[in-house]
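Every heavy atom of this structure was used, including side-chain atoms; hydrogens, water molecules and symmetry mates were not. The structure presented is a predicted model; accordingly, all values stated were derived computationally and were not measured. Chain naming here is simple, since letters A, B, ... match the order of the sequence lines and numbering starts at 1 in each.
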Amino acid sequence: MRTDASSEHLPTSAPQAPVRVIASAQSWVEGEAVRQLEAMARLPGMKLAVGLPDLHPGKGAPVGAAFTSEGFLYPYLVGSDIGCGMGLWNVDLLARKAKPERWAGKLDLEGPWTGDTEGFLQEHGVKSSGYEAALGTVGGGNHFAELQRVDAVHDAKVFSALGLEADRLLLLVHSGSRGLGEAILRAHVDRHAAGGLADDSSEAQTYLTRHDHAVAWGRANRALVARRMLDGIGAMGQRVLDVCHNSVTPRRDTGRTQWLHRKGAAPSDEGPVVIPGSRGALSYLVIPTGESHASAHSLAHGAGRKWTRTAARERMRERFTAESLTRTAFKSHVVCENKDLLFEEAPPAYKPIDRVVTDLVEAGLVRVVATLAPVLTYKTRARPE
DNA sequence: ATGTCC
């Protein structure tokens, strides 16, 4: 029996909203993740709950899911990393000029940026938050900054329309709002636990204002991570796209405002997105296709975890040395001086990304524009004591 | 996920 305290607060009286899991039989989804999705579908005001092919259990609410509601919004469904997302930069360096081994030895994005963070935020039109010491840092868990080369181009027209060239490096940054979003959710949970907010309440307004700030701050954070990374390799870059996969946004395409919650779900209504594989795997640049109402205007945001962090540590430690995991099947390098994190984030801990993307293609939701292969993944330079 | 737990 589960003893997750958060689920005790979830009202189960409301009728269940439609639940849809977009995943083929080949990409099995854990039963617990579907049960969590169904529990969320019984929240007051819920209209639709969608699981994407990377759906997996989370802390109460599942990850890889999108929810639309009316009358209420649910900060708990966005989670603590408000504004987390993926940014892609075009790098003005030929892939064949890459020096991953040399870069891996010297890149260091730990600690506060030594530049003018206030000025940087101002340039991006974002107010400071009190968390500026973390601005420009990647964070933990599945966050990373990864230099990539183009593996294959499948849609040359869209590829070049994005300003991309097959022989250039790209930089993909996955990070969020660090401690800022966490503090915003904590303030909500202290009062309401997993409960929602009436959308006409002043508390909802306060939350949304803070949420929007964290989303903007998270985007600026990715931009500064990119800048630090590019400074480290002596290159320049241009942002190609940046999308958020943890957020709640209003939609007014029906008579009444609907709240679209994304919990580890990329948008399908903001143009091309990158769906990253884990470290030693390809990432997919895709363009959304077709009508996306039934999929809550959302896409998978990654491969999706297959093993828990604890299980991954145990299983990987038995089979591999930490050292061996700093190189991948693509001969790319991984900067991760935290061994536990290296094991937790090892490729076998995740579902195969190609199956996740194929599910989206077969559901008519995306077309693959290009596949991107890792060259150098930066996780952390810091060693735990 | 987390200036991560007193």
Side-chain angles (χ1 to χ4, degrees), chain A residues 4-6 33 36 54-65 74-87 108-114 117-118 121 128-145 173-190 193-194 207 210-211 213-215 217-222 224-225 228 243-248 261-266 276 278-279 301-305 307-310 312-313 336-345 349-350 378-385:
Chain A
D4 191 333
S6 61
Q36 288 183 342
D54 58 336
L55 182 71
H56 59 281
K59 204 183 113 203
V63 182
Y74 293 90
Y76 190 76
L77 284 187
V78 177
S80 63
D81 198 0
I82 303 164
C84 188
M86 295 279 170
D108 190 344
L109 278 63
E110 306 308 311
W113 187 47
T114 52
T117 46
E118 301 287 335
L121 282 176
S128 56
S129 68
Y131 289 83
E132 276 63 43
L135 192 75
T137 61
V138 172
N142 56 1
H143 290 174
F144 62 80
V173 178
H174 176 202
S175 188
S177 60
R178 312 290 282 104
L180 173 59
E182 198 266 340
I184 295 168
L185 180 67
R186 184 160 15 88
H188 170 80
V189 167
D190 283 348
Y207 171 78
R210 291 175 180 167
H211 162 282
H213 179 217
V215 168
W217 196 95
R219 181 166 298 201
N221 183 43
R222 288 187 288 280
L224 187 51
V225 167
R228 292 178 86 179
V243 294
C244 170
H245 53 228
N246 289 347
S247 66
V248 55
H261 304 72
R262 292 191 175 109
K263 173 74 172 173
S278 77
R279 241 171 37 198
H301 82 312
R305 184 164 276 286
W307 297 344
T308 64
R309 293 190 173 275
T310 309
R313 274 200 304 275
C336 184
E337 300 198 7
N338 178 335
K339 288 183 183 177
D340 280 342
L341 186 59
L342 201 51
F343 291 130
E344 290 167 13
E345 292 290 310
Y350 286 86
Y378 184 94
K379 297 284 290 179
T380 181
R381 185 109 258 165
R383 291 167 194 264
E385 293 136 48

With sequence neighbours excluded, tell me which residues meet side-chain contact (heavy atoms from CB on, under 4.5 Å) with A/His174. A/Cys84, A/Met86, A/Asn142, A/His143, A/Phe144, A/His245

Name all residues meeting the side-chain contact (heavy atoms from CB on, under 4.5 Å) criterion together with A/Ala382; count only those two or more places apart in sequence or in a different chain, and write none if there are none. A/Glu110, A/Thr380

Pairing residues for A/Arg309 by the salt bridge (Lys or Arg N to Asp or Glu O under 4.0 Å) criterion, not counting sequence neighbours: A/Glu344, A/Glu345

Could you list the residues that satisfy side chain to side chain donor-acceptor pair (under 3.5 Å) with A/Arg219, not counting sequence neighbours? A/Asp242

Detail all sub-3.5 Å separations between protein N/O atoms and N/O atoms belonging to nucleotides 2-6 of chain B.
{"from": "B/dT2", "atom 1": "OP1", "to": "A/Arg178", "atom 2": "NH1", "distance (Å)": "2.6"}
{"from": "B/dT2", "atom 1": "OP2", "to": "A/Gly140", "atom 2": "N", "distance (Å)": "2.6"}
{"from": "B/dG3", "atom 1": "OP1", "to": "A/Gly179", "atom 2": "N", "distance (Å)": "3.3"}
{"from": "B/dG3", "atom 1": "OP2", "to": "A/Arg178", "atom 2": "NH1", "distance (Å)": "3.3"}
{"from": "B/dG3", "atom 1": "OP2", "to": "A/Gly179", "atom 2": "N", "distance (Å)": "2.7"}

Give the rounded distance in Å between these two atoms: NE2 of A/His211 and P of B/dA1. 17 Å

Only counting residues at least two apart or in another chain, list the ones meeting salt bridge (Lys or Arg N to Asp or Glu O under 4.0 Å) with A/Asp108. none

